Amino acid sequence: MNDHADQAATAAARAATADGLGDGTRAVRAGLPEPVKNEPPLPGPVFAAHFHLPGDVEGPYTYGRDTNPTWTLLERAIGELEAPGQDGVDTIVFASGMAAVSAVLLSQARTGDTVVLPDDGYQALPLVREQLEAYGIRVRTAPTGDDGQLAVLDGARLLWIETPSNPGLDVCDVRRLVEAAHAGGTLVAVDNTLATPLGQRPLELGADFSVASGTKGLTGHGDLLLGYVVCRDPGLAAAVRRWRKIVGAIPGPMEAWLAHRSLATIQLRAQRQWANALAVAESLADRTDVTGLRYPGLPADPSHKTAARQMRGFGSVVSFALPDRAHAERFMAALHLVEDATSFGGVRSTAERRGRWGGDSVPEGFIRLSAGAEDTGDLVADVLRALDAASAAA
Ligand SMILES: *Cc1c(COP(=O)(O)O)cnc(C)c1O
């Protein structure tokens with residue numbers, strides 16, 4: 001984007017947000033307490049298993065599995081990013097993304113209920129499905145693309161959406177699914193991991209829960225695991241909070257503090273990483289060794305129209321396929337600036353041949369690449385050079 005288009009887009013984003021701030025301004029201040037003379041702007045992590053509690057059990061901090069002041073600030077920060085300018089939003093942080101995912105599903109569904117999952121979502125969802133079924137909860141699945149879950153909503157207690165889906169990068173129309181789900185009394189949760197709250201705000205699209213792994217783009221440094229749930233309904237929030245208390249899936253104060261520190265740069269990281277992802281995707285578009293290229297930010301992508309309507313940025317992940325497993329392995333080995341690692345959303349680019357895990361139904365040569373915050377020219381050059389090297393050896 002040129003400067004004028006960039007400024008126009010920023011102005012539009014600002015106007016559309018209740019608190020009147022831009023994303024970068026909100027990010028650097030998110031969750032900070034009122035300034036206190038001689039105190040740090042972001043107080044350090046509070047390491048405490050218990051808090052002084054003479055007399056009656058009252059006040060915010062009693063025992064370290066229930067509450068912690070470092071979580072409180074982080075929860076406020078995430079809530080401000082997920083639902084800017086909205087009061088009454090409740091955020092609950094967890095030890096990992098899966099702790100947050102499980103907390104929503106297992107606190108909401110009872111024996112005899114039906115839950116709808118995507119059949120192309122995060123690779124641990126089939127494990128969750130087995131556990132739900134072991135508790136007598138019925139599970140239906142359908143693809144994310146073409147709003148496939150609409151066809152299996154009837155009578156469900158909860159609809160689980162993952163958009164863009166990981167790793168296939170299909171996108172569904174959240175507003176449309178929410179409308180149909182709510183009409184039938186079905187709650188809706190959106191996994192917002194890939195987009196991050198900067199790229200998509202599920203509560204504004206009508207969802208009851210926004211759930212995510214904070215391990216990926218939210219914190220962006222690949223140095224901690226975290227999860228969170230954001231919701232507006234106090235009853236739903238209380239059930240999720242109660243689940244955290246009884247399961248004890250709590251983040252450590254150090255992780256919570258590091259996460260909060262990292263949030264200050266989310267807008268900077270996202271802007272660079274999204275731009276890099278688009279540049280990589282564009283550079284792959286005309287190559288004969290690449291098939292099945294997907295990036296929701298590419299105008300020609302099947303997801304683009306829906307993504308452009310409901311997303312504020314298209315994320316850092318690009319997926320594509322090389323001709324076969326050996327070709328993909330040569331490509332991975334030839335990269336210098338892209339680490340061969342799972343996960344995504346970090347400041348250092350990562351990629352992997354996804355098929356090595358089994359589980360996802362992807363071709364043997366399928367690559368999921370997460371663009372980091374490197375200089376765009378360096379990253380694109382490295383990817384193109386590795387592709388050339390892999391093809392030359394074919
Ligand atoms: C990584 C991921 C999770 C799980 O998060 P952890 O922090 O690894 O537990 C859930 N959903 C999606 C889409 C993910 O990418």
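Because the structure is predicted, anything quoted here is derived from the model rather than measured. In each ligand, atom 1 is the first atom listed, and ligand 1 is the first ligand listed.
- In summary, the side chains of Gln267 and Asp23 do not present any donor paired with an acceptor at a separation below 3.5 Å, with no hydrogens or angles considered.
- Side-chain contact between Gln149 and Ile161: present, with at least one pair of heavy atoms (C-beta onward) separated by less than 4.5 Å.
- Side-chain contact, Tyr61 with Thr72: a donor N or O sits under 3.5 Å from an acceptor N or O.
- Judged purely by distance below 3.5 Å, without hydrogens or angles, the side chains of Thr114 and Arg157 never pair a donor atom with an acceptor atom.
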Check: every ligand 1 N/O to protein N/O pair under 3.5 Å:
| unit_1 | atom_1 | unit_2 | atom_2 | d |
| --- | --- | --- | --- | --- |
| ligand 1 | 5 (O) | Ser213 | OG | 3.1 |
| ligand 1 | 7 (O) | Gly97 | N | 2.8 |
| ligand 1 | 7 (O) | Ser213 | OG | 2.8 |
| ligand 1 | 7 (O) | Thr215 | OG1 | 2.6 |
| ligand 1 | 9 (O) | Gly97 | N | 3.1 |
| ligand 1 | 9 (O) | Met98 | N | 2.8 |
| ligand 1 | 11 (N) | Asp191 | OD2 | 2.7 |
| ligand 1 | 15 (O) | Asn166 | ND2 | 3.3 |
| ligand 1 | 15 (O) | Lys216 | NZ | 2.7 |

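- Residue pairs satisfying the side chain to side chain donor-acceptor pair (under 3.5 Å) criterion with at least one member in residues 30-39, sequence neighbours excluded, are absent.
- Among Glu162, Glu82, Arg201, the single residue meeting the side-chain hydrogen bond (donor to acceptor under 3.5 Å, both in side chains) criterion with Asn192 is Glu82.
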